[in-house]
Amino acid sequence: MSTISASGTDVPPAEVPDYPMTRAAGCPFDPPPTLHTLQEQAPISRVRLWDGSTPWLVTRYEDVRTLLADPRISSESTHPHYPHQSPATKERRRQSRTFITMDDPEHARLRRMVTATFAIKQVEALRPTVQKIVDDLIDAMLAGPKPVDLVQAFALPVPSLVICALLGVPYADHDFFQANSRLLVKRTTTPEQARAATQQLTDYLDRLIGDKLAHPTDDLLSALAGRVRGGELSRHEAANMGILLLIAGHETTANMIALGTLALLQHPDQLARLRASDDPKLIASTVEELLRYLTIVHSGRRRVALADIEIGGVTIHAGEGVVLANDIGNRDPAAFPDPDRLDVARNPRHHVAFGFGVHQCLGQPLARVELQVVYGTLYRRVPALRLAVDPDRIPFKHDGNVYGVYALPVTW
């Protein structure tokens with residue numbers, strides 16, 4: 001590949017690489033090789049998106065963290081130069097805006113309404129519930145036929161059951177909301193499909209909010225309905241928030257469970273270290289390392305500069321789009337020695353898999369508890385767990401804004 005000029009502005013159009021990029025064949029856990037090249041040679045450079053726009057791509061860990069914490073960088077998705085991931089995500093955000101694509105003070109006002117539910121103390125109280133869900137699903141899996149698709153039998157139900165209980169969404173509707181969620185996190189989804197899926201989810205959550213207004217229970221949707229009753233939220237805002245929490249609450253963790261399991265199966269020495277120990281510190285370290293190593297939100301954090309910003313010898317001008325590549329940032333050797341090696345004892349809590357700054361992932365305490373319970377339980381209870389197909393037959397989500405596998409056939 002030709003060297004990309006750090007200035008970005010004088011790069012011939014033919015030399016601006018398309019983003020996102022394709023992972024190398026046979027390296028499903030690693031960021032695309034081009035990202036490594038850019039990180040070494042031109043860590044802040046132009047890339048081309050699906051709509052022909054050429055925002056800045058930031059690839060070094062320290063620069064990613066610095067910009068994510070900079071108030072001159074906006075998350076506002078209505079900005080004309082916001083670098084949307086795909087036509088579908090642009091349509092979805094036009095139709096259903098949430099606090100993750102807003103700036104303060106509106107971002108803070110809405111986020112504060114649900115922050116307490118995801119506080120560490122509140123989430124830790126859910127650990128026995130998560131443990132029972134995990135154990136029950138493993139019991140059912142062990143009692144059934146094999147091989148089995150771990151995605152459908154385990155990885156997807158675990159976080160779906162948890163977030164449904166937390167929100168007050170009937171788990172019986174999981175086929176409906178999972179199917180629509182899948183459309184909304186795929187880059188290949190058309191705007192028309194995204195519009196229809198968003199409308200179906202909006203109507204569904206609005207009905208649930210209506211039910212909670214009439215018959216409140218002890219769940220998060222009832223709390224949001226209470227704020228609607230008090231005039232703090234509109235029903236549309238409450239439904240949008242419900243969609244965000246429902247999708248984020250199961251899609252990301254489900255992919256981490258399945259892809260993390262595959263990564264461990266493909267690194268048997270690391271799996272053996274985890275399986276041989278019941279030390280909560282090693283389990284927690286494994287979670288952090290897999291979050292860093294896999295970084296399943298692999299299409300970057302999207303922002304727009306509100307003012308001129310000098311960083312890494314480059315001037316990002318006001319109004320220009322910025323893509324902060326947290327996947328390659330988490331493989332930066334300046335922040336993580338030997339970054340392409342999976343080491344469950346590393347405990348890299350400073351990774352940026354959950355983002356950084358005021359917009360870092362609200363649900364990260366819940367995701368950590370779920371993953372700690374899963375990684376601390378599944379391989380101990382099913383010690384002979386192994387792939388039931390050749391690794392090259394596993395379908396990866398190369399077309400998704402969230403990376404993972406569509407299926408993971410396993411046996412024991």
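One is the number of the first residue; the rest follow in order along the sequence.
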Next on the checklist: If you define the side chain from C-beta out and look only at heavy atoms, does anything of Glu310 sit under 4.5 Å from Ile316?
Outcome noted: no

Checklist entry - Would a 4.5 Å heavy-atom cut-off, applied to side chains only, mark Val169 and Ile163 as touching? => result no

Next on the checklist: Could you check whether any side-chain heavy atom of Leu264 comes within less than 4.5 Å of a side-chain heavy atom of Tyr379, counting everything from C-beta outward?
Outcome noted: yes

Item to check | Lys/Arg N to Asp/Glu carboxylate O, Asp30 vs Arg331, below 4.0 Å | outcome: yes

Item to check | Evaluation steps, salt bridge (charged side-chain N to carboxylate O under 4.0 Å, His left out), between Glu232 and Arg112 | outcome: CA-CA 12 Å; Glu232 299 174 76; Arg112 276 196 300 266; over 6 Å; no

Next on the checklist: Strictly distance-based, threshold 3.5 Å: is any side-chain N or O of Thr59 a donor or acceptor partner for the main-chain N or O of Pro43?
Outcome noted: yes

Next on the checklist: Can you see whether Asp308 engages Thr315 through a side-chain donor-acceptor pair at a distance of less than 3.5 angstrom?
Outcome noted: no

Checklist entry - Taking the side chain as C-beta and beyond, is there a heavy-atom pair between Thr98 and Ile243 under 4.5 Å? => result no

Tabulate below the donor-acceptor pairs under 3.5 Å that side-chain atoms of residues 385-400 make, not counting sequence neighbours, or state none.
| unit_1 | atom_1 | unit_2 | atom_2 | d |
| --- | --- | --- | --- | --- |
| Lys397 | NZ | Asn255 | OD1 | 3.0 |
| Asp399 | OD1 | Tyr406 | OH | 2.6 |
| Asp399 | OD2 | Tyr406 | OH | 3.2 |

Next on the checklist: Nearest 0.5 Å, please: how far is OG1 in Thr377 from CG in Asp278?
Outcome noted: 11.0 Å

Item to check | Minimum side-chain heavy-atom gap Arg301-Val58 below 4.5 Å | outcome: no

Next on the checklist: Tell me whether Asp327 contacts the main-chain N or O of Pro31 through its side chain, where contact means a donor paired with an acceptor under 3.5 Å.
Outcome noted: no

Checklist entry - Does Ala335 offer a backbone N or O that forms a donor-acceptor pair with the side chain of His350 under 3.5 Å? => result yes

Checklist entry - Are Phe177 and Tyr204 close enough that their ring centres sit under 6.0 Å apart? => result no

Next on the checklist: Can you confirm whether or not the ring centre of His84 sits under 6.0 Å from the ring centre of Tyr82?
Outcome noted: yes

Next on the checklist: Looking only at the side chains, is there a donor atom on one of Ser299 and Tyr403 sitting less than 3.5 Å from an acceptor on the other?
Outcome noted: no

Can you list, pair by pair, the side-chain donor-acceptor contacts under 3.5 Å of residues 286-294, counting residues two or more places apart and other chains?
| unit_1 | atom_1 | unit_2 | atom_2 | d |
| --- | --- | --- | --- | --- |
| Thr286 | OG1 | Leu282 | O | 2.8 |
| Glu288 | OE1 | His351 | NE2 | 2.7 |
| Glu288 | OE1 | Arg368 | NH2 | 3.1 |
| Glu288 | OE2 | Arg368 | NE | 2.6 |
| Glu289 | OE1 | Arg292 | NE | 2.9 |
| Glu289 | OE1 | Arg346 | NE | 3.1 |
| Glu289 | OE2 | Arg292 | NH2 | 3.0 |
| Glu289 | OE2 | Asp343 | N | 2.9 |
| Glu289 | OE2 | Arg346 | NE | 3.0 |
| Arg292 | NH1 | Asn330 | O | 2.8 |
| Arg292 | NH1 | Pro339 | O | 2.9 |
| Arg292 | NH2 | Pro339 | O | 3.0 |
| Arg292 | NH2 | Arg341 | O | 3.3 |

Item to check | Under 3.5 Å: donor-acceptor pair, side chain of Arg303, backbone of Val322 | outcome: no

Item to check | Residues Asp332 and Arg60 bridged, charged N to O under 4.0 Å | outcome: no

Next on the checklist: In the structure I gave you, are the side-chain heavy atoms of Arg93 and Gln85 within less than 4.5 Å of one another anywhere?
Outcome noted: yes

Hey, can you pull the donor-acceptor pairs under 3.5 Å for the side chains in residues 118-126, sequence neighbours left out?
| unit_1 | atom_1 | unit_2 | atom_2 | d |
| --- | --- | --- | --- | --- |
| Glu124 | OE1 | Arg127 | NE | 3.0 |
| Glu124 | OE1 | Arg127 | NH2 | 3.3 |
| Glu124 | OE2 | Arg127 | NH2 | 2.9 |

Item to check | Whether Ser285 side chain and Asn347 backbone form a donor-acceptor pair below 3.5 Å | outcome: yes

Item to check | Plane angle bin for His79 and His81 - parallel if under 30°, tilted between 30 and 60°, otherwise perpendicular | outcome: tilted

Checklist entry - Which residue pairs satisfy the side-chain hydrogen bond (donor to acceptor under 3.5 Å, both in side chains) criterion with at least one member in residues 133-142, sequence neighbours excluded? => result Gln131-Asp135, Lys132-Asp136, Asp135-Arg381, Asp139-Arg381

Checklist entry - Does a donor on one side chain sit under 3.5 Å from an acceptor on the other, for Thr295 and Asn326? => result no

Next on the checklist: Let me confirm one number: the CD-CH2 distance from Glu320 to Trp56, rounded to the nearest 0.5 Å.
Outcome noted: 6.0 Å

Item to check | Test log, rule side-chain hydrogen bond (donor to acceptor under 3.5 Å, both in side chains), inputs Asp279 and Ser277 | outcome: CA-CA 5 Å; Asp279 182 359; Ser277 174; 4.9 Å; no

Item to check | Side-chain heavy-atom pair Val162, Pro159 within 4.5 angstrom cut-off | outcome: no

Checklist entry - So which pairs with a foot in residues 156-167 pass side-chain hydrogen bond (donor to acceptor under 3.5 Å, both in side chains), sequence neighbours left out? => result Ser160-Gln178

Checklist entry - Under a 4.0 Å N-O cut-off, is there an ion pair linking Arg109 with Glu237? => result yes

Item to check | Distance in Å, Asp269 CG paired with Leu274 CG, rounded so as to fall on 0.5 Å steps | outcome: 11.5 Å

Checklist entry - When you look at CG of Asp338, are more than 12 heavy atoms from neighbouring residues, nucleotides or ligands closer to it than 6.0 Å? => result yes

Checklist entry - Does a salt bridge link Asp219 with Lys212, judged by any charged N lying under 4.0 Å from a carboxylate O? => result yes

Checklist entry - Quick one: does Lys146's side chain have a donor or acceptor within less than 3.5 Å of a partner on Val410's backbone? => result no

Item to check | Residue list, salt bridge (charged side-chain N to carboxylate O under 4.0 Å, His left out) with Glu76, at least two apart or on another chain | outcome: Arg97

Item to check | His267 (side chain) donor-acceptor with Leu262 (main chain) under 3.5 angstrom | outcome: no

Checklist entry - Is any side-chain heavy atom of Pro55 less than 4.5 Å from a side-chain heavy atom of Leu49? => result yes

